[in-house]
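Start at 1 and go down the list; that is how both ligands and their atoms are numbered.
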Amino acid sequence: MILELENVSRKRDGRWVLKDISWRVEKGDHWVLYGLNGSGKTSLLELINAYLFPTEGTIRVLGMEFGKTYLAERLRSRIGFVSSSIGQKIRPDDNAYEVVLSGAFASIGLFEDTDAETDQKGVEILRELGCLDYANRNFHTLSQGERQRILIGRALMADPELLILDEPTNGLDFIAREELLESVARIARRPDGPAILYVTHHAEEILPEFNKTLLLKDGRVFGSGNTADLINSECLSGFFGLSVEADWQAGRPTLTKKRAEASPK
Ligand SMILES: Nc1ncnc2c1ncn2[C@@H]1O[C@H](COP(=O)(O)OP(=O)(O)OP(=O)(O)O)[C@@H](O)[C@H]1O
């Protein structure tokens, strides 16, 4: 079991931002966390990473229970977390390869000498993600798509059991987005790879590899289970409170808002 939340609620500034969340993530499944702005996605990730604690309910992440065997630092070293805020923290002089290697130490910046095995692993990850051409470039001079791949590479260095990708395609053009998604799909297909938790506002980023979906609405679970059972016109029309059409092509959905019928004159 990767993750287990039982009736978890969280208050912020006197208001419930997450309410009664029950959710299990098993090894071998890849999840999409799908919700509108303000639905509580970031708060949920903060709970999983132990930056926030639940006001009510219990959380177990990778076999560790909050408040018991729980050591936040030890837990975080087993979770690969990719978000735009991590990119902003990378030091000004670090090159892409150093950023990837720093993932072996769960640090921002490389403060320790690396051994040949770690160096080789970094090169293999760069190759797998198609980043070798810019490995020696300063991280901050890379395009957004290149930076995201490097941050994913950094997250993979520690062989995480859970890889959380928080809106990784923000700011990417169509081609960069599709290339990034192809890399994510390859990671999802690794036989001994991490469970992936992919957070997005965009249904068209739901890959065939993401077999499970959690729909979050106003801090509550609207639906949870097999992606095909949730990402369809009927369920999503209820989710949005708006008539939408979900159309699946090549294993990926697109959503369109249904137009009101023109009233007869
Ligand atoms: N530090 C905070 N203090 C008080 N309320 C907060 C805090 N952070 C978030 N919230 C509130 O909690 C609710 C959920 O916010 P959260 O950022 O978790 O949603 P989200 O789904 O990640 O949104 P987005 O997609 O826009 O990033 C929002 O109503 C937000 O205003």
Side-chain angles (χ1 to χ4, degrees), residues 2-25 30-61 66 72 75-76 79-89 144-145 147-148 151-152 155 162-173 176-177 180-181 184 195-207 210 212-225 227 230-231 235-242 244 246 253-255 257:
I2 301 282
L3 188 64
E4 188 173 29
L5 284 79
E6 277 174 36
N7 308 107
V8 167
S9 300
R10 170 70 204 197
K11 236 180 200 176
R12 286 184 130 168
D13 285 350
R15 204 168 62 81
W16 294 104
V17 295
L18 291 171
K19 196 72 188 138
D20 207 22
I21 309 277
S22 293
W23 182 30
R24 273 176 80 92
V25 173
H30 300 302
W31 282 78
V32 175
L33 174 52
Y34 185 58
L36 296 174
N37 293 123
S39 56
K41 301 182 297 298
T42 306
S43 302
L44 191 53
L45 297 188
E46 287 174 325
L47 284 171
I48 295 169
N49 282 295
Y51 291 112
L52 273 186
F53 287 84
T55 313
E56 290 174 1
T58 54
I59 301 189
R60 272 176 227 101
V61 187
F66 275 66
L75 173 78
R76 284 184 210 131
I79 298 178
F81 188 45
V82 177
S83 73
S84 56
S85 64
I86 292 177
Q88 286 158 13
K89 288 185 197 146
Q144 289 204 53
R147 284 203 297 267
Q148 284 296 39
L151 291 179
I152 293 176
L162 174 63
L163 176 64
I164 300 176
L165 303 171
D166 187 8
E167 300 179 21
T169 63
N170 268 1
L172 302 195
D173 66 32
R177 182 188 82 177
L180 188 92
L181 288 172
V184 173
I196 294 177
L197 172 52
Y198 188 95
V199 183
T200 186
H201 307 114
H202 304 296
E204 67 273 18
E205 294 177 8
I206 299 177
L207 296 170
F210 301 156
K212 300 280 184 184
T213 294
L214 182 81
L215 297 178
L216 201 61
K217 181 175 183 175
D218 300 331
R220 291 175 183 270
V221 174
F222 181 86
S224 163
T227 297
L230 296 166
I231 305 298
C235 180
L236 290 181
S237 295
F239 180 62
F240 292 122
L242 178 81
V244 294
T254 47
L255 294 191
K257 178 175 169 292

Reference residue Phe222; test ring pair (Phe, Tyr, Trp, His ring centres under 6.0 Å); the match among Phe240, Phe239, Tyr34: Phe239
Touching ligand 1 at all, Leu44? Heavy atoms, strictly under 4.0 Å? no
How far is atom 4 (C) of ligand 1 from the closest protein heavy atom, and which atom is that? Asp13 OD2, 3.3 Å
Out of all atoms in ligand 1, which are within 4.0 Å of some heavy atom of Leu36? Include the element for each. 21 (O)
More than 12 heavy atoms of other groups within 6.0 Å of Arg220 CZ: no
Say you draw a straight line from CZ of Arg24 to CG of Leu3; how long is it, rounded to the nearest 0.5 Å? 10.0 Å
If we ignore hydrogens and angles and just use 3.5 Å, is the side chain of Ser9 paired with the main-chain N or O of Asp20 as donor and acceptor? yes
At less than 4.0 angstrom from any non-hydrogen atom of Asn37, what atoms of ligand 1 do you find? 23 (O), 24 (P), 25 (O), 26 (O)
Check for me whether Gly40 has a heavy atom closer than 4.0 Å to any atom of ligand 1. yes
Does Glu46 come within less than 4.0 Å of Arg10, counting only side-chain N to carboxylate O? no
Any heavy atom of Glu46 closer to ligand 1 than 4.0 angstrom? no
By number and element, which atoms of ligand 1 are closer than 4.0 Å to a non-hydrogen atom of Val17? 11 (C), 12 (O), 13 (C)
Residues that Phe81 engages under ring pair (Phe, Tyr, Trp, His ring centres under 6.0 Å), provided they are two or more places apart: none
Residue Asn170 excluded, over 12 heavy atoms near CG under 6.0 Å: yes
Atom 5 (N) of ligand 1: closest protein heavy atom, distance to 0.1 Å, is Arg12 CB, 3.7 Å
Protein residue, atom and distance nearest to atom 29 (O) of ligand 1, heavy-atom basis: Arg15 NH2, 2.6 Å
Among all the protein's non-hydrogen atoms, which is closest to atom 17 (O) of ligand 1, and how far away is it? Thr42 CB, 3.6 Å
Number the atoms of ligand 1 from 1 as they appear, then name those within less than 4.0 Å of a heavy atom of Lys41, with their elements. 18 (O), 19 (O), 20 (P), 21 (O), 22 (O), 23 (O), 24 (P), 25 (O)
Nearest heavy atom to atom 24 (P) of ligand 1 wins, so pick from Gly14, Gly38, Ser43. Gly38
Between Thr200 (side chain) and Glu167 (backbone), is there a donor-acceptor pair under 3.5 Å? no
